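Data block below; observations after.
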2 protein chains.
Amino acid sequence: MLKYALLGFLNYGDMTGYELKQIMDTSTQNFWHAKQSQIYMTLKKLEEKGLVISEIEPQEGRPDRRVYALTDGGREDLHEWVIAPITDLDSRKERLLLKLFFSASSGKETLLMQLRLQRELHQQQLAHYQTATKAVVQGFASIQPGLEEDVVLWEATRRFGEMFEEMYVRWLDETIARLDV
Amino acid sequence: MLKYALLGFLNYGDMTGYELKQIMDTSTQNFWHAKQSQIYMTLKKLEEKGLVISEIEPQEGRPDRRVYALTDGGREDLHEWVIAPITDLDSRKERLLLKLFFSASSGKETLLMQLRLQRELHQQQLAHYQTATKAVVQGFASIQPGLEEDVVLWEATRRFGEMFEEMYVRWLDETIARLDV
DNA sequence: TATAACATGTAACTAGTTACATGATTGG
DNA sequence: CCAATCATGTAACTAGTTACATGTTATA
């Protein structure tokens, strides 16, 4: 699936693996992320399949850049994926819930400490979506004419992050209250 | 991490790989899951490390069962993991959000169909947590004396699933309303 | 003077999925 | 009679992480 994230971004313009990593870190991080090394490997495979092509752009003083561009095949593949319906649910993995499930013997104080720390982390993440991420979305919106349609959708994904973290904090408060008698 | 799910369940009693799969499917599915083959492989590795031991229980008419039990080392490893604080956040992957992010060109009707289908799926999942999962938790609670502490925590993980799906449906409604003008 | 940013990549490894292989019993 | 349940495992593969390797330039 990283494949489609890369094709999707390259559809906005040619980019290097390094730039793709940066843009993912500031936009899709919330629901899709990848390590730099995985991005380079995936781009290589996409080029072998003919979905992207790369050109080396020589630079002085710093390493040469390998700039990737979508091919027609890549654009088509992307479009097919975009319109294909998703008919099942993603399964999640939550370390905290797994740990909580088996925590009966761990002592109330340890457990409450764990939950309070999580509350802090999720509260921070919530604030991040409300300020930093919001600014990124609005930044894109203001400088890019003709991307109004896109911005509505980007804002929807940001909003998901915000609502998720709000829910998480509410659940933690509820759970802490139930344990802290 | 599947490691700790398996150790955690074996802490309640000896079990086969097949039974571990079944119990995971009805209890931790919401936040941790695994395929049968992965469970068998992981149990094998855990036995090599001395965290569990297995014994073959011959059966007639059906395949022999390999019953796993926690060792002292396994119990200790589990306990250390349970009390260790989680200091960072899990990252999620949501196919729907990734697709939505790149869907500006896909046409409003395709997009709305996608979102309405998702709404149906998440509504179903919500109902599942409210009825089937609720019944499982209450079932464990009623037959098992001495597991009151555990049941409170299991209910908390069920409640997370419920709140997550409620949030998801709310977000879908909000997003659909914003697009369907 | 150190470290962050720029820039690319490979190798080894861990985790997880899909497909294959086998075969009896029970319930509808 | 067909599907589900019981029951275990291997092999091949895909996805993702961690560690290694290199080297300049701008900035604090």
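Everything numeric here is computed off the predicted structure, so don't read it as measured data. Residue numbers begin at 1 in each chain, while the letters A, B, ... track the order of the sequences.
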Notebook entry, point to check: Whole-Å distance between D:dG9 P and B:Asp64 CG?
Noted result: 10 Å
Notebook entry, point to check: Given atom CD of A:Glu48 and atom P of C:dG9, what is their separation to the nearest angstrom?
Noted result: 13 Å
Note to self: Can you tell me which nucleotide in C:dT8, D:dT17, C:dA15 comes closest to the side chain of A:Thr16?
What the structure shows: C:dT8
Check: Just checking A:Ser37: base, sugar-phosphate only, or nothing, at a heavy-atom cut-off of under 4.0 Å?
Finding: base
Notebook entry, point to check: With the threshold set at 4.0 Å, does a side-chain nitrogen-carboxylate oxygen contact exist between A:Glu162 and A:Arg158?
Noted result: yes
Notebook entry, point to check: To the nearest angstrom, how far is A:Lys35 atom NZ from C:dT10 atom P?
Noted result: 19 Å
Margin query: Using the side-chain heavy atoms of A:Gln59, tell me which of these nucleotides is nearest: C:dA7, D:dT8, C:dT8.
Written below: C:dA7
Item checked: Upstream residue (5' side of DNA chain D) when A:His33 and B:Tyr68 are each assigned their closest nucleotide -> B:Tyr68
Checklist line | Which residue lies more 5' along DNA chain D, comparing B:Ser91 with B:Arg66 via nearest heavy atoms | finding: B:Arg66
Notebook entry, point to check: Over how many whole Å does the gap from B:Ile39 atom CD1 to D:dT10 atom C1' extend?
Noted result: 16 Å
Next item on the list: Indicate, with a heavy-atom threshold strictly under 4.0 Å, whether B:Gln22 touches base, sugar-phosphate, or nothing.
Entry: sugar-phosphate
Margin query: Side chain of B:Tyr40, heavy atoms from C-beta onward: which of C:dT17, D:dG16, D:dA7 has the nearest atom to it?
Written below: D:dA7
Check: Between A:Tyr18 and A:Gln22, do the side chains contain an N or O donor and an N or O acceptor separated by less than 3.5 Å?
Finding: no
Notebook entry, point to check: Got a second to check how far A:Asp173's CG is from A:Asp180's CG, nearest 0.5 Å?
Noted result: 11.5 Å
Next item on the list: Assert yes or no for the condition that the ring centre distance of A:Tyr68 to A:Tyr40 is strictly below 6.0 Å.
Entry: no
Margin query: Whole angstroms only, please: what is the CD-C1' distance between B:Gln38 and D:dA15?
Written below: 12 Å
Next item on the list: Would you kindly give the CG-to-P distance between B:Leu2 and D:dG16, to the nearest whole Å?
Entry: 18 Å
Item checked: Ring centres under 6.0 angstrom apart (B:Phe9, A:Phe102) -> yes
Next item on the list: In whole angstrom, give the distance that lies between atom CE of A:Met41 and atom C1' of C:dT14.
Entry: 13 Å
Notebook entry, point to check: Looking only at side-chain N and O atoms, does A:Lys44 come under 4.0 Å of OP1 or OP2 in C:dT10?
Noted result: yes
Notebook entry, point to check: In whole Å, what is the span from the CD1 atom of B:Ile56 to the P atom of D:dT8?
Noted result: 10 Å
Note to self: Counting the atoms with a prime plus P, OP1 and OP2 as sugar-phosphate, which does A:Lys93 contact under 4.0 Å by heavy atoms, base, sugar-phosphate, or nothing?
What the structure shows: sugar-phosphate
Note to self: Check the phosphate of D:dT8 against B:Tyr18, side-chain N and O only, distance under 4.0 Å to OP1 or OP2. Yes or no?
What the structure shows: no
